[in-house]
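In what follows, a single structure is set out as C-alpha cells and then discussed.
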Amino acid sequence: LYANQIEIKGLVATTSAWYHHSVEPESIVKVINAYGKVQPNLNKHEKGFPSAKSLLKLVKTGLPVYGMKGVGDGHDSEGSDWIIQELERKDERPLWISVWGGVNTLAQALHKIRKTKPANVAKDMISKIRVYTISDQDDSALWIRENFPGVFYIVSPGDSYGQATWTGINTFI
C-alpha cells in the first residue's frame, strides 16, 4: 500500500526462521496479484502506484538453503545477482534492503562483491547498502555485521519476536 512512496527495485523470496529449505516466490506473486485488483482504485486517491505487471517482473529468488549454507563460492542466486546488479547501477542514492526473512541472499551478494571486485569498487558498492530487517532469521545476519561492520544495518538482533523491530508496525494499542 506504499508502493507509490518508495521505488521498489526487487522482491526476493528467501529462506527464513520458518522455511529452512524452501523459498516461496509464489507467495509474493499472490500478494502482487491481489494488489493488482485494487491498484486502479488506489490510483484514484493518490497517483504513482506501480502496475502489478511491473512488480511481477521484480520477483526474484534466493537459494532454498538456510543461512550460511547458502553463502560462498558457487552459491549465487537470481536474488544475489539482482542485488549486485542494482548496486552497480550509476545511481548515487542508497539501496535500501528491507528484509522480512533470512539475509543469506544479501550475504552472498556481499561475499561475491568482496571476492570479485577491486577493493575501491567493492567499498563504493557496499557503502550504498542500507538494511532494515525485522530480526535475525538466520546465521548470515551476524556474519554480515561481523564481516561488513560499515554496512548501515538496522535490526533488533535475535529471535525474540516480542522485541523485534517489526513490532512497532504490528502492535495494537
Side-chain angles (χ1 to χ4, degrees), residues 1-3 5-39 50 52 54-87 94-114 126 129-149 151-173:
L1 296 177
Y2 301 101
Q5 301 292 322
I6 59 175
E7 185 178 358
I8 298 172
K9 300 282 193 167
L11 299 158
V12 182
T14 64
T15 55
S16 71
W18 310 110
Y19 293 95
H20 286 209
H21 306 290
S22 68
V23 295
E24 297 186 8
E26 61 275 6
S27 294
I28 297 171
V29 169
K30 182 179 177 181
V31 171
I32 293 171
N33 286 334
Y35 161 84
K37 293 176 183 175
V38 299
Q39 185 262 358
S54 68
L55 292 174
L56 287 169
K57 292 178 184 177
L58 301 177
V59 177
K60 310 297 178 196
T61 59
L63 291 182
V65 179
Y66 184 72
M68 289 303 294
K69 292 178 183 172
V71 180
D73 295 343
H75 288 88
D76 299 332
S77 68
E78 182 184 34
S80 64
D81 289 344
W82 188 259
I83 292 168
I84 292 170
Q85 179 181 324
E86 288 301 319
L87 290 169
L95 179 64
W96 283 90
I97 300 175
S98 177
V99 184
W100 287 70
V103 292
N104 68 347
T105 303
L106 172 59
Q108 176 60 24
L110 289 166
H111 166 79
K112 186 171 184 177
I113 290 167
R114 181 168 63 185
I126 293 167
I129 297 172
R130 307 289 186 275
V131 179
Y132 172 88
T133 180
I134 63 170
S135 63
D136 286 341
Q137 291 203 30
D138 68 26
D139 58 350
S140 64
L142 182 58
W143 179 86
I144 290 172
R145 294 193 302 275
E146 288 177 347
N147 287 276
F148 298 90
V151 170
F152 183 99
Y153 203 103
I154 300 170
V155 64
S156 293
D159 61 0
S160 171
Y161 286 131
Q163 299 196 7
T165 54
W166 64 275
T167 58
I169 63 167
N170 197 44
T171 302
F172 297 97
I173 299 176

Distance (rounded to the nearest 0.5 Å) between Trp143 CH2 and Leu106 CG: 9.0 Å
Report the residues that fulfil side chain to side chain donor-acceptor pair (under 3.5 Å) with Ser22, sequence neighbours left out, ordered by chain and then residue number. none
Just distance, no hydrogens or angles: give the donor-acceptor pairs under 3.5 Å from side chains in residues 61-73, sequence neighbours left out.
| residue | atom | partner | partner atom | Å |
| --- | --- | --- | --- | --- |
| Thr61 | OG1 | Glu78 | OE1 | 3.3 |
| Tyr66 | OH | Gln137 | O | 3.0 |
| Asp73 | OD1 | His111 | NE2 | 3.1 |
| Asp73 | OD1 | Lys115 | NZ | 2.9 |
| Asp73 | OD2 | Lys115 | NZ | 2.6 |

One should read off an interatomic distance between Lys112 NZ and Asp76 CG, to the nearest 0.5 angstrom, of 3.5 Å
Any sub-3.5 Å donor-acceptor pair from Trp82's side-chain atoms to Lys9's backbone N or O? yes
CD1 of Ile32 to CD1 of Ile8: how many Å apart, nearest 0.5 Å? 8.0 Å
Please list, chain by chain and in numerical order, all residues satisfying side chain to side chain donor-acceptor pair (under 3.5 Å) with Glu86, sequence neighbours excluded. Arg89
In this structure, CG of Asn147 is separated from CG of Leu142 (nearest 0.5 Å) by 9.0 Å
Residues two or more places apart in sequence or in another chain: which of them pass side chain to side chain contact (heavy atoms under 4.5 Å, CB included) with Ala13? Val23, Pro25, Ile28
Return the set of residues passing side chain to side chain donor-acceptor pair (under 3.5 Å) with Lys60 (not counting sequence neighbours), or none when no residue passes. none
Give, for atom CD1 of Ile83 and atom CG of Leu110, the distance between the pair rounded to the nearest 0.5 Å. 8.0 Å
Taking side chain to side chain donor-acceptor pair (under 3.5 Å) as the test, write out the residues that go with Ser140, two or more places apart. Asp138
Would a 4.5 Å heavy-atom cut-off, applied to side chains only, mark His75 and Asn104 as touching? no
Nearest heavy-atom neighbours spanning Tyr153 and Ala141: OH-CB, 3.5 Å
Tyr35, OH atom: more than 12 neighbouring heavy atoms under 6.0 Å: yes
Ile113 CD1 to Leu87 CG distance, which is reported to the nearest 0.5 Å: 5.0 Å
Can you name the nearest heavy-atom pair linking Gly101 to Ser16, along with the distance? CA-CB, 3.9 Å
If we only count heavy atoms from C-beta on, is the Thr14 to Val103 side-chain gap below 4.5 Å? no
For residues Ser80 and Thr105, report the shortest heavy-atom separation together with the two atoms involved. N-CG2, 3.2 Å
